[in-house]
Amino acid sequence: MLDVKYVLANLDAVIEGLRFRNAKVDFDHLRALSEERREKCVRYDNLRFEQRKASDEMRKLDKAQAEALRAQLKGMSAELKEIDARRSEIDAELAQMMLYIPNIPDPEVPQAADESDNKEIRRWGTPKSFDFEPKSHDELGEAAKILDFERGTKVSGARFTFLMGAAVKMELALIQFMLDTHASRGYKMVMPPYIVNRDSMTGTGQLPKFEFDAYKTNDDMFLIPTAEVPVTNLHRDELLTPDQLPIKYCAYSACFRLEAGSYGKDTRGMIRQHQFDKVELVKFTTPETSEAEHQALVNDAEEILKRLELPYRVMLLSAGDMGFSARKCYDLEVWLPSQNMYREISSCSNFGDYQARRANIRYRTPDAKEKTAFVHTLNGSGLAVGRTLIAIMENYQEADGRIRVPEALRDYVKADYLV
RNA sequence: GGAGGAAUGGCCGAGUGGUCGAAGGCGCGUGACUCGAAAUCACGUAUACGGCUUGCCGUAUCAAGGGUUCGAAUCCCUUUUCCUCCUCCA
């Protein structure tokens, strides 16, 4: 969330910054509320001071005088209560408005409405040329009987899939491989809860605006749409020390997304599912190091694709294509031969202090004595496991339908061919 | 799910209606002593917001919210979290 004071002091700049971010906020109302709040506060302080003074004096008075004063003080007390009630009303409304304002994009982010203005940063690897028509992962998976879409639909509904046999082996191998790789590069492994409360969802920015994108339980809890939610909220309401930073976690979890509003997109295959596995990287840093840590995080996600020898490119997202809480975001897109294009496999965001404000994650600054500041939070997929499985199936397929196992996974899968 | 106990400053811990933003200790800071350090002594040590004569004044904050009262850390209600015991369970 943005700082109320900052928003009010820099209203024009904020509005300009949010131009492509679909922020429907009544800024005039915001300003009026702020004015009213200030008036109420001043009145309250003065009144309270008087009341307190009179109240002290009352003890020295005789009975009759005290009774007269008591009546007067009662009136003051009532007004104080009234002012206080209105003030908390205003505070609640201001806080609520802040929750609906997205993060302001970093100056480097292209100011544009959608993905057509995303900026390609770099490419790695060369798409393999096949001397046959490469099949899509769903064709390959169904032929080899390792992906069962039909029964997934029967048992659960559209966008649910059974992994069978070798696909399970590969999925688990990928999870293990990703966690091992990240752990060897300084990340601590985490397995988080899959169900979180409302505060956690609000802390990372999924709520209140995107409530209908998440699965909800009947006791007002939520299935996590990403491990980012529980892992970032690990340190919610905590005061960290500078020597702890940066904190780096790699987490495996299943992810659950209702995908409201994505009807018709990627209906075939395993690209877009209601439930999928993901290994997520999460960092807590100081403001000074967050940019460098963001670049490093992207590199850490790229490392997985490199070791698996999958061609990919890195995209800097435009303002309109970024997530609600992000300040700057890079997508990694992997090459899918069947689609003849790059498809998103990782999204690496810097949130600045936006999530830290919502979740109240602070640290004690080393220089300014005893002062606290909000940390910066970052995260990125490292990687989406299901999509990685797909990418391997398509990129490593051979003419006879067999699928080779990437060198980096041989120790995990213990076979040269998946099927 | 049932019964009981608890929640106070960076930490520990006192405090059952006014003189309490809160004793005492630890920690931290400054100074004295010392060649230097330790020990010792002295003083200081929360955060946020508002005002102006920028040093003071004021307000809020003792888990959160509400209530009683002229006045609440203190009394009452609700909620949350933690601990102990029982129940259940992988």
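First the proteins, then the strands, lettered A, B, ... as listed; each starts at 1.
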query = Does one side chain, of His29(A) or Glu93(A), offer a donor that lies under 3.5 Å from an acceptor on the other?
reply = yes
Between C1' of U69(B) and CG of Leu69(A), the distance in whole Å = 14 Å
message = Measuring only the C1' atom in each nucleotide, how far is G21(B) from G9(B)? A whole number of Å is fine.
response = 9 Å
ask   = Is the closest basic N to carboxylate O distance between Arg70(A) and Glu67(A) below 4.0 Å?
value = yes
task = Take the protein atom CD1 of Ile83(A) and the nucleotide atom P of G50(B), then report the distance between them rounded to whole Å.
result = 18 Å
ask   = Using the C1' atom in both, what is the distance from G10(B) to U84(B), to the nearest Å?
value = 29 Å
ask   = When the P atoms of A14(B) and G24(B) are considered, how many whole Å apart are they?
value = 15 Å
message = Please determine whether a side-chain nitrogen of the Lys or Arg among Asp266(A) and Arg343(A) lies less than 4.0 Å from a carboxylate oxygen of the Asp or Glu.
response = yes
query = By side-chain hydrogen bond (donor to acceptor under 3.5 Å, both in side chains), which residues pair with Thr232(A), not counting sequence neighbours?
reply = none
query = In whole angstrom, what separates Leu73(A)'s CG from A72(B)'s P?
reply = 12 Å
task = May I ask you to decide whether Asp416(A) forms a salt bridge with Arg404(A), counting only side-chain N to carboxylate O separations under 4.0 Å?
result = no
query = So what is the 5' to 3' dot-bracket string for RNA chain B, if pairs are Watson-Crick or G-U wobble with both distances under 3.5 Å, crossing pairs use [ ] and | means the partner sits on another strand?
reply = ((((((((.[[[..)..(.....]]]((((((.......))))))((((((....)))))).[[[[[..)....]]]]])))))))....
inquiry  = What is the distance, to the nearest angstrom, from the CD atom on Glu67(A) to the P atom on G71(B)?
reply    = 13 Å
ask   = Roughly, in whole Å, what's the span from CE in Met76(A) to C1' in C70(B)?
value = 10 Å
inquiry  = Restricting to ring pair (Phe, Tyr, Trp, His ring centres under 6.0 Å), what partner residues turn up for Phe351(A), sequence neighbours left out?
reply    = none
query = How do Arg37(A) and Asp56(A) order along RNA chain B: which one's closest nucleotide is nearer the 5' end?
reply = Asp56(A)
task = Identify, with sequence neighbours excluded, every residue that meets side-chain hydrogen bond (donor to acceptor under 3.5 Å, both in side chains) alongside Glu293(A).
result = Lys283(A)
key: For atom CG of Asp84(A) and atom C1' of G65(B), their distance in whole Å   = 12 Å
inquiry  = On the nucleotide G18(B), are OP1 or OP2 found under 4.0 Å from the side-chain N or O atoms that Ser55(A) carries?
reply    = no
inquiry  = Going by the rule side-chain hydrogen bond (donor to acceptor under 3.5 Å, both in side chains), which residues pair with Glu309(A) if we only count those two or more places apart in sequence or in a different chain?
reply    = none
query = Counting any heavy atom closer than 4.0 Å, what does Gln51(A) reach on the DNA or RNA strands: base, sugar-phosphate only, or nothing?
reply = sugar-phosphate
key: Interatomic distance at P, U47(B) relative to A42(B), whole Å   = 25 Å
query = Hey, does the side chain of Lys81(A) come within less than 4.0 Å of U68(B)'s phosphate (OP1/OP2), counting only N and O?
reply = yes
message = Check Lys216(A) with Glu211(A), please: is the shortest side-chain N to carboxylate O separation under 4.0 Å?
response = yes
ask   = Rounding to the closest angstrom, what is the interatomic distance between C41(B) and C26(B) at atom P?
value = 9 Å
note = Letter by letter from the 5' end, nucleotides 51-64 of chain B scores (B base, S sugar-phosphate only, - none; protein heavy atoms under 4.0 Å) S------BSS----
task = Find the distance Leu80(A):CG to A72(B):P and express it as a whole number of Å.
result = 10 Å
ask   = If you measure from CG on Leu389(A) to CG on Leu147(A), what distance do you get to the nearest 0.5 Å?
value = 6.5 Å
message = Would you measure the distance from the C1' atom in A90(B) across to the matching atom in C83(B) and give it in whole Å?
response = 24 Å
task = Sticking with atom C1', work out how far G25(B) lies from U8(B), rounded to a whole angstrom.
result = 15 Å
key: Pairwise P distance, U78(B) and G4(B) [rounded to whole Å]   = 13 Å
